[in-house]
Amino acid sequence: MAGQRDRRPARVLARGLGVRHAGRLAWALRDVDLVVEPGERVLVTGASGAGKSTLLTAVAGLLDPDSAELTGELTVDGHPPRDRRSGLGLLAQDPDSQLVMTRAGDDVAFGLENAGVPAEQIWPRVDAALAAVGFRHGRDRPTQALSGGEKQRLVLAGALVRRPGLLLLDEPTAQLDPDGAALVRSAVAQATADRAVTVLVVDHDAGPWLPLVDRVVQVGPDGVVEHGPDWRPVPRTSGLQLPPGGDGPVLLAAHAAGWTYRGAAAPALPPTDVELRAGRAVAVTGRNGTGKSTLALLLAGLRAPTTGRVEAADELTAGARRREPHRWRAAELVTRIGTVFQQPEHQFLTGRLRDELALGPLRSGSGDAAARAMADELLERLGLAAFADVNPFTLSGGQQRRLSVATALATSPRVLVLDEPTFGQDAATWRELVQLLAERRAAGCAVAVVTHDADLVDVLADEELRL
């Protein structure tokens, strides 16, 4: 990413900043005082739902006056943030929301073309940005064929390629494998080494960023607290005590199951074998793009394999007409296999959290009182009780992830297939999620987690399948 930059580094100023989203009584942010000088690199931490993403959205000038109430002062280089969006590079929590083109190279080039960059400069800059973030597919890769982590790298390349004066990164490594996360941090460090860009980065995995940032600020209910250079996060596994699992029968198995996109030269998932046993947890790990999420969809019965087969054992099949989960009706799936998608908002169906959690139990035949009781219990345990009547789509990314896990647990299925269940969690909510999963495992549930979370693998997994 060498070469002269298009803009100077920005200065960000917030005084008494408050943000309240439309329809909410509680403030997402209150009394935020923050000054980020040009060229500074600042790590933003805080509890899940504390308002970190809201802060970045406000600084990016993306809060619509019709959807949010703002108080206090917020400027970028002395101007309202909305007037400085042309000098901004942004990676939001949901990379899908930022992809606009069908080819990878075109998506990165889009911002340069809109900015009027000379045509002869565009593709060399695109190639340099893709290389910097370790995007291995080249310009012609269809964006719909990318994994979540690959999309994250592509959006980051699009943010870096414009050589912005202000770079805002919201959980930029959350869906990446360890090598990919290290590469992204390295790319950010290299791209900002000349101090020609100001950086605000939100990440719950604070430790690896500490050598790369100038300071850490923590967003909380009383505004922003700044930490000194010696600050270190408390390990999230500290004090965690989980009930042991068992070694029950096989409930679900993949036999040389694979998947290939129509017209693709190579499979998204090569033929793969795995057994899910009652009382045991399997962690599915591996680099981005190796087919982990595809395998999860096959095991969950949401996609039919193009090669091989996925079959349920008699104990799981009982009452269903077929052994292959992808042939089951929704009512048959909901009590047998609980699923968490890679993007949690893709599975929300109602306008209130309480209704979202009651929906599965009601469809499975539970009475209204039992369904509501289960919903209230999960809301309480996962720190979502205060949002029981809130629309799921207005939650933070970490809160949406907890809700998606709760919906999978609500019908007490015998098998859980969870894609990145600990994404976006602070230490406290991470421990509660892990505790819940361990309790289900101890009760005889078979658990499969697709994850890049090494701590989760260490404390929960009885075996690891590395793709």
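Note that the numbering runs from 1 along the sequence shown for the chain. Side-chain atoms are counted along with the backbone in the values below, which use heavy atoms only and exclude waters and symmetry mates.
- Looking at T237 and D455, their side chains never bring a donor and an acceptor atom within 3.5 Å of each other.
- The residues R287 and D179 are annotated as not salt-bridged, no charged nitrogen and carboxylate oxygen being separated by less than 4.0 angstrom.
- Annotation for E464: atom CD counts as buried by contact number, over 12 foreign heavy atoms lying within 6.0 Å.
- The heavy-atom pair separating R440 from L409 by the smallest distance is NH1-O, 3.0 Å.
- Proximity of E275 to L252: side-chain heavy atoms (C-beta onward) are nowhere separated by under 4.5 Å.
- A salt bridge is absent between D419 and K292; no separation between the charged side-chain nitrogens and carboxylate oxygens falls under 4.0 Å.
- The closest side-chain donor-acceptor pair between T173 and D203 falls under 3.5 angstrom.
- Inter-residue side-chain proximity for T102 and P142 is flagged as unmet; no heavy-atom pair is nearer than 4.5 Å.
- Just one of T350, T407, N391 meets the side-chain hydrogen bond (donor to acceptor under 3.5 Å, both in side chains) condition when paired with E356; it is T350.
- Each of H204, R236, R402, Q399 was evaluated against Q425; a single residue qualifies, R402, per the side-chain hydrogen bond (donor to acceptor under 3.5 Å, both in side chains) test.
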Verdict with supporting geometry, L251 and V415, side chain to side chain contact (heavy atoms under 4.5 Å, CB included): CA-CA 8 Å; L251 297 180; V415 174; 4.0 Å; yes
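- Scanning both residues, P325 and V310, for their nearest heavy atoms gives CD-O, 3.4 Å.
- Of all heavy-atom pairs spanning A296 and V450, the tightest one is CB-CG2, 3.9 Å.
- The shortest side-chain heavy-atom distance between P172 and W209 falls under the 4.5 Å cut-off.
- Heavy-atom minimum distance, L378 versus A406: CD1-O, 3.4 Å.
- Using a cut-off of 4.0 Å between Lys/Arg side-chain N and Asp/Glu carboxylate O, R139 and D127 are scored as salt-bridged.
- Partner of L269 under the side-chain contact (heavy atoms from CB on, under 4.5 Å) criterion, out of L295, T306, T307: L295 alone.
- Using modelled atom types and a 3.5 Å distance limit, the side chains of R103 and T143 yield no donor-acceptor pair.
- Residues R329 and E332 are paired through a salt bridge, judged by an N-O separation under 4.0 Å between the basic side chain and the carboxylate.
- Residue T294 comes nearest to A268 through the heavy atom pair OG1-CB, 4.3 Å, listed as atom of the first residue, atom of the second, then distance.
- The neighbour count for R85 CZ, taken as heavy atoms of other residues, nucleotides or ligands under 6.0 Å away, is above 12.
- Of the possible polar contacts, none joining the D170 side chain to the S53 backbone as a donor-acceptor pair under 3.5 Å is found.
- For the pair R322 and W328, the cation does not sit on the ring face, since its NZ or CZ is not both under 6.0 Å from the ring centre and inside 45° of the axis.
- The minimum heavy-atom distance linking A129 with A157 is given by the pair CB-O, 3.6 Å.
- A salt bridge does not link E311 to R323: none of the charged side-chain nitrogens sits closer than 4.0 Å to a carboxylate oxygen.
- Classification of E377 and R372 as a salt-bridged pair fails, no side-chain N sitting under 4.0 Å from a carboxylate O.
- No side-chain donor-acceptor contact under 3.5 Å links D426 and S48.
- A salt bridge is defined here as a Lys NZ or Arg NE, NH1 or NH2 lying under 4.0 Å from an Asp or Glu carboxylate O, and R414 with E315 meets this definition.
- Note on E463 versus R280: salt bridge recorded, some NZ/NE/NH1/NH2 to OD/OE distance being below 4.0 Å.
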